[in-house]
Amino acid sequence: VVHYTTLMSVLQRAGRWEQAMEAFEKMEAAGVVADVQAYNVAITACAKGLDWEKAWAVFAAMRRAGVEPSIISYNALVSACERCGQADRALEVVRNMRRKGLTPNAVSYNTLISAFGKAGRYQEAVRLHQLMGEAGVPDDVFTLSSLIRASEKGGRWRQAKLHFDDFQQRGVAPNTVAYNALISALGSSGRWQMALEVFQAMREDLHPSVAPDIVTYGSLIAALERGGQWHRALEVYDQMQAEGWKANGYIITSLLNACEKGGQWEKARELFGVMQNLGMDMD
RNA sequence: UGGCCUAUAGA
């Protein structure tokens, strides 16, 4: 069982969720009895495949087999709902969890907050955060990035910044993802100057867990593109390369859009060449 | 500490 579960875990993390499910079926066909962890990985694989119904089916099969779902099983099911845009169903799963005597933990709350944020239901996301505190479950950096993302949906860049500052003041140190989310939220609202400021603050942050990554640059370049700042976008691109980062599809597309808006056809042509060297499709 | 759950970028 451990070998199968390890294999499934690796496949699912590599995005090969279909193969992970095949391994699960092969395991059962081979007469190996699945344990909780094996079921949990299977549910996660379904979640990655954006198939909450299949996740639900695996969960039901687990119960039928007499295997007690753990809090992780429930959380994995909540995650499946979250990924499929089923916020209300996610909440229902957490209610079922409580009914079984399991207490929702930080992962449960964070996933719910993310689900409501993705659904554009900011107020409910904030309400869940409040309930989390009342339940004595400490919020963390996952909560923070989920709340920032929830703010971004409705163009609430001020709220995004407030969440960021609030967490920081309470001693929850932002990490790379939290900074990235904030840069993205500011960019969506057209606040490219502030996005640049946050990027600067990020570089000055002493914590080792806040090093800019490829998503940071993607978010910042997108923010500049939206603001019509093609020249600054290209500057950031140069800086990124100087630090050893290789462009990906997100970056190139944003830069192409930026150049197009600015009428920079020469630059766009260069980027086209880069894209082809990277073996990307040009659609 | 051999296997399981949550957050961030473009079109």
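The chains referred to below are lettered A, B, ... by the order of the sequence lines, with proteins before strands, and numbering in each begins at 1. Hydrogens, waters and symmetry mates play no part in the numbers below; they use all other heavy atoms, side chains included. Because the structure is predicted, anything quoted here is derived from the model rather than measured.
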Exercise. Looking across every strand, which nucleic acid part, if any, lies under 4.0 Å from A:V41 by heavy atom: base, sugar-phosphate, or nothing?
Worked result: sugar-phosphate
For this session: Write down the distance between CG (A:L102) and P (B:rC4), rounded to a whole number of angstrom.
Result: 20 Å
For this session: Side chain of A:E82 only, please: which of B:rG3, B:rA7, B:rC5 is the nearest?
Result: B:rA7
Exercise. Where the side chain of A:S184 is defined as all heavy atoms beyond and including C-beta, which of B:rA7, B:rG3, B:rA9 is the nearest nucleotide?
Worked result: B:rA9
Problem set entry | Distance in angstrom units between A:I71 CD1 and B:rC5 C1', rounded | 9 Å
Exercise. What nucleotide, of B:rG10, B:rC5, B:rA7, holds the atom closest to the side chain of A:T44?
Worked result: B:rC5
Seminar exercise, completed: Atom CD1 of A:I72 and atom P of B:rU6 are separated, to the nearest Å, by 10 Å
Exercise. Are any of the side-chain nitrogens in A:K267 or A:E260 under 4.0 Å away from the carboxylate oxygens of its partner?
Worked result: no
Exercise. When you check the side-chain N and O atoms of A:N40 and A:S73, is any donor under 3.5 Å from an acceptor?
Worked result: yes
Exercise. Do the side chain of A:N248 and the base of B:rG10 come within less than 3.5 angstrom through a donor-acceptor pair of N or O atoms?
Worked result: no
Exercise. For the ring-ring contact (aromatic ring centres under 6.0 Å, His included) test, which of A:Y4, A:Y74, A:F24, A:F59 pairs with A:Y39?
Worked result: A:F24
For this session: Please lay out, stage by stage, how A:H207 and A:Y179 fare under the test ring pair (Phe, Tyr, Trp, His ring centres under 6.0 Å).
Result: CA-CA 12 Å; A:H207 295 268; A:Y179 272 102; 9.4 Å; no
Exercise. Rounding to a whole Å, what distance do you find between A:W245:CH2 and B:rA9:P?
Worked result: 16 Å
For this session: Give one of base, sugar-phosphate or nothing for A:N175, where a contact means two heavy atoms less than 4.0 Å apart.
Result: base
Exercise. Can you tell which of B:rU8, B:rA7, B:rC5 lies closest to the side chain of A:V141?
Worked result: B:rA7
Exercise. If you look at every strand shown and take non-hydrogen atoms under 4.0 Å, does A:V10 touch a base, only sugar-phosphate, or nothing?
Worked result: nothing
For this session: Counting heavy atoms from C-beta on, name the nucleotide in B:rU6, B:rG10, B:rA7 closest to the side chain of A:S145.
Result: B:rA7
For this session: Using a heavy-atom cut-off of under 4.0 Å over every strand shown, decide if A:N105 touches base, sugar-phosphate, or nothing.
Result: nothing
For this session: Write down the distance between CD1 (A:I252) and P (B:rA11), rounded to a whole number of angstrom.
Result: 15 Å
Exercise. Base, sugar-phosphate alone, or nothing: which one does A:T253 contact when heavy atoms must sit under 4.0 Å apart?
Worked result: base
Problem set entry | Test log, rule ring pair (Phe, Tyr, Trp, His ring centres under 6.0 Å), inputs A:Y217 and A:Y237 | CA-CA 8 Å; A:Y217 287 106; A:Y237 176 53; 9.7 Å; no
Exercise. Rounded to the Å, how far apart are A:L224 CG and B:rG10 C1'?
Worked result: 13 Å
Seminar exercise, completed: With sequence neighbours left out, the residues meeting side-chain hydrogen bond (donor to acceptor under 3.5 Å, both in side chains) with A:D213 are A:N180, A:T216
For this session: Confirm from the modelled atom types if A:T5 and B:rG3 form a donor-acceptor pair under 3.5 Å, side chain to base only.
Result: yes
Exercise. NA contact type, A:T6, heavy-atom cut-off 4.0 Å: base, sugar-phosphate, or nothing?
Worked result: sugar-phosphate
Problem set entry | Selected nucleotide, minimal atom distance to A:V177 side chain, candidates B:rC4, B:rA7, B:rG10 | B:rA7
Exercise. To the nearest Å, how far apart are A:Y237 OH and B:rA9 C1'?
Worked result: 16 Å
Exercise. A:M97 has an atom CE; how far is it from atom P of B:rC5, in whole Å?
Worked result: 15 Å
